[in-house]
Participant: 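Before I ask anything, let me first share the structure, which is written out below as structure tokens.
Counting from 1, the numbers follow the sequence of the chain as shown.
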Amino acid sequence: MLFNFQLRPLSEVTPWVYQGHLYLHWFGLTEGWYWLHVNEKDEIFRYSPELLSYWQQEYLDEPRHLPYADYYVVRFWQDLLDILPRILEPLPPRLAQLLATEEQVNQWQERIRQWETLFEPSEEEEETEEEEQSGREIWDTYLQASSWWYDRQLDTHPLIAGPRLWFWNNDQHIHACWDNREQDIDTIPAWTAQKGQIHLTRAQFLDEVQAFHGLLFAEMASRIQEMKATYQPGRTDRAPMPDAFSANRSIYAPLPQKGEDPEERFWPYPDIALDLAKLEKEQLTRFQRLASSFGRVSSGEEIQVNAVFNAMTKMDRFAGLS
């Protein structure tokens, strides 16, 4: 499979905290690992051996189960669906031609990198009003020239030095490229997959997306069913479900100890609140989101090709490339 994940065992999922109470919700229950198997030698979101070795020495009390990105799998799924309409919408031919070969993709990425040197911090004195106005013009031109490209970049910001990964459609194949050569943590290369490209047919790509979607929601349905089979709302020694929801996990709460009687089958963490009806409702709502993304066959934002190429020409001039 292209898209892969493994959920953290339910007993190891970190509860969230709100007003001193522990609770679990659908998003938090997707805690786990995820990665892309792009070819025989590259897995995107796999940490480099050097970084894993460094972490093993620095954080002896925090063992890593898998060498992949460790976060909420649903966030990865959400970010993919967010750009799915743009991935499925073919680029205008003139832009697709810029990315026709691997060498051309490399040239395009280097071209953007040269533009971005214009925004590197300067140690010079405070800018004059004229310089500020010129800087705003360059920034607006840069956005006009490159937004179509960054609109097709997967958001990996939840991760430190997240992989840089783009998808696009040239009306023949879905292409993906990654460039993580500048992504490091504590000066150590972050990822095993440094730079590369692949392509799939549109049908193959959609099959991979649907397989990821189906497996994630099947495992979440099983997880919810496991909790339904053991949760007893009538027990009085549990924390109340908070009325409001806090998206910020302020405390990594210690896992409560299980009951002493191994034969007694009930939710083993009575001080962690559950709202099973809400979990089931969110399971259905999120499951339907894929169909909604497929329904948006277009991003609804037409690329103004002539304006984009005019902006590219201006950026080349600003950067001294022409």
Side-chain angles (χ1 to χ4, degrees), residues 2-9 12-17 24-39 41-83 87 109-110 112-113 115-117 119-121 146-147 149-167 176-198 212 216 246-255:
L2 177 62
F3 303 103
N4 300 270
F5 71 92
Q6 181 173 316
L7 296 180
R8 188 176 291 277
E12 298 178 10
V13 171
T14 307
W16 287 35
V17 178
L24 291 170
H25 52 83
W26 200 96
F27 187 101
L29 286 165
T30 69
E31 188 175 2
W33 301 266
Y34 52 85
W35 64 99
L36 273 69
H37 183 79
V38 290
N39 56 42
K41 67 182 183 67
D42 284 326
E43 289 180 315
I44 300 173
F45 294 102
R46 185 186 183 104
Y47 288 111
S48 70
E50 298 87 351
L51 186 59
L52 291 172
S53 176
Y54 169 74
W55 280 341
Q56 186 176 13
Q57 296 175 31
E58 291 293 314
Y59 307 105
L60 297 176
D61 58 341
E62 298 181 21
R64 301 189 67 85
H65 296 274
L66 293 174
Y68 304 110
D70 181 355
Y71 198 65
Y72 301 101
V73 177
V74 68
R75 176 58 196 265
F76 175 43
W77 171 84
Q78 287 176 180
D79 292 335
L80 177 63
L81 292 196
D82 282 345
I83 63 171
I87 296 174
Q109 290 182 300
E110 176 59 23
I112 290 183
R113 194 189 70 78
W115 295 348
E116 291 172 348
T117 61
F119 309 116
E120 293 176 352
S146 63
S147 289
W149 176 244
Y150 286 110
D151 284 345
R152 288 159 175 80
Q153 182 178 12
L154 184 70
D155 183 4
T156 61
H157 285 110
L159 306 174
I160 299 174
R164 303 173 74 233
L165 175 65
W166 292 264
F167 296 90
C177 78
W178 57 95
D179 186 354
N180 301 316
R181 292 172 297 174
E182 297 181 1
Q183 304 302 92
D184 57 58
I185 299 174
D186 293 331
T187 71
I188 302 171
W191 308 104
T192 58
Q194 286 289 288
K195 184 173 176 60
Q197 298 179 38
I198 61 167
F212 173 35
L216 173 59
S246 171
N248 296 317
R249 185 171 50 176
S250 58
I251 301 174
Y252 279 86
L255 291 174

Participant: Do the side chains of L154 and W166 get nearer than 4.5 Å, heavy atoms only?
Facilitator: no
Participant: Drop me the distance from C177's SG to Q153's CD, to the nearest 0.5 angstrom.
Facilitator: 9.0 Å
Participant: Any salt bridge between E116 and R113, counting N to O under 4.0 Å?
Facilitator: no
Participant: How close do K195 and Q109 get, counting heavy atoms only, and between which atoms?
Facilitator: NZ-OE1, 2.9 Å
Participant: For the atom pair CD (Q183) and CD1 (I188), what is the distance rounded to the nearest 0.5 Å?
Facilitator: 14.5 Å
Participant: Give the intermediate values and the outcome of side-chain contact (heavy atoms from CB on, under 4.5 Å) for residues Y71 and E31.
Facilitator: CA-CA 6 Å; Y71 198 65; E31 188 175 2; over 6 Å; no
Participant: I would like to know whether V38 and D42 meet side-chain contact (heavy atoms from CB on, under 4.5 Å); could you show each step before the answer?
Facilitator: CA-CA 6 Å; V38 290; D42 284 326; 3.5 Å; yes
Participant: How many angstroms lie between atom CH2 of W178 and atom CD of Q197, to the nearest 0.5 angstrom?
Facilitator: 8.0 Å
Participant: Working note: W16 + L24, criterion side-chain contact (heavy atoms from CB on, under 4.5 Å); need CA distance, chi angles, decisive distance, verdict.
Facilitator: CA-CA 6 Å; W16 287 35; L24 291 170; 5.6 Å; no
Participant: Is the ring centre of F76 less than 6.0 Å from the ring centre of F45?
Facilitator: yes
Participant: Closest approach of W191 and L159, non-hydrogen atoms and distance?
Facilitator: CH2-CD1, 4.2 Å
Participant: Quick check on side chain to side chain contact (heavy atoms under 4.5 Å, CB included): which of L2, L36, V73 does F212 satisfy it with?
Facilitator: V73
Participant: Do you know which of P49, S53, S48 makes side chain to side chain contact (heavy atoms under 4.5 Å, CB included) with L51?
Facilitator: S48
Participant: So if I apply the side chain to side chain contact (heavy atoms under 4.5 Å, CB included) rule between D155 and each of D79, I83, D82, which one comes out positive?
Facilitator: D79
Participant: For the atom pair CZ (R164) and CD1 (I44), what is the distance rounded to the nearest 0.5 Å?
Facilitator: 12.5 Å
Participant: Kindly check if the number of other-residue, nucleotide or ligand heavy atoms within 6.0 Å of CD (E110) is above 12?
Facilitator: yes
Participant: Minimum heavy-atom separation for P67 to L52, with atom names?
Facilitator: CB-CD1, 3.5 Å
Participant: What is the minimum heavy-atom distance between T156 and P163, and which atoms define it?
Facilitator: OG1-O, 2.8 Å
Participant: Would you give the length of the straight line joining atom CD1 of I87 to atom CG of D151, rounded to the nearest 0.5 angstrom?
Facilitator: 11.5 Å
Participant: Answer yes or no: is there a side-chain heavy-atom contact under 4.5 Å between R46 and H37?
Facilitator: no
Participant: Quick check against the 3.5 Å criterion: does N39 have a side-chain atom that pairs as donor or acceptor with the backbone of K41?
Facilitator: yes
Participant: In the structure I gave you, are the side-chain heavy atoms of F5 and L7 within less than 4.5 Å of one another anywhere?
Facilitator: yes
Participant: Could you give the distance from CZ (R181) to CD (Q194), rounded to the nearest 0.5 Å?
Facilitator: 8.5 Å
Participant: Indicate whether any N or O donor in one side chain lies under 3.5 Å from an N or O acceptor in the other, for Y34 and Q6.
Facilitator: no
Participant: Assign the ring pair Y68 / W35 to parallel, tilted or perpendicular, where the plane angle (0 to 90°) is split at 30° and 60°.
Facilitator: parallel
Participant: What class does the angle between the rings of W55 and Y47 fall in, given that below 30° is parallel, 30 to 60° is tilted and above 60° is perpendicular?
Facilitator: perpendicular
Participant: Tell me the closest heavy-atom pair linking A193 and N180, and the distance in Å.
Facilitator: O-ND2, 2.7 Å
Participant: Evaluate the side-chain proximity of W26 to V74: yes if any heavy-atom separation is below 4.5 Å, no if none is.
Facilitator: yes
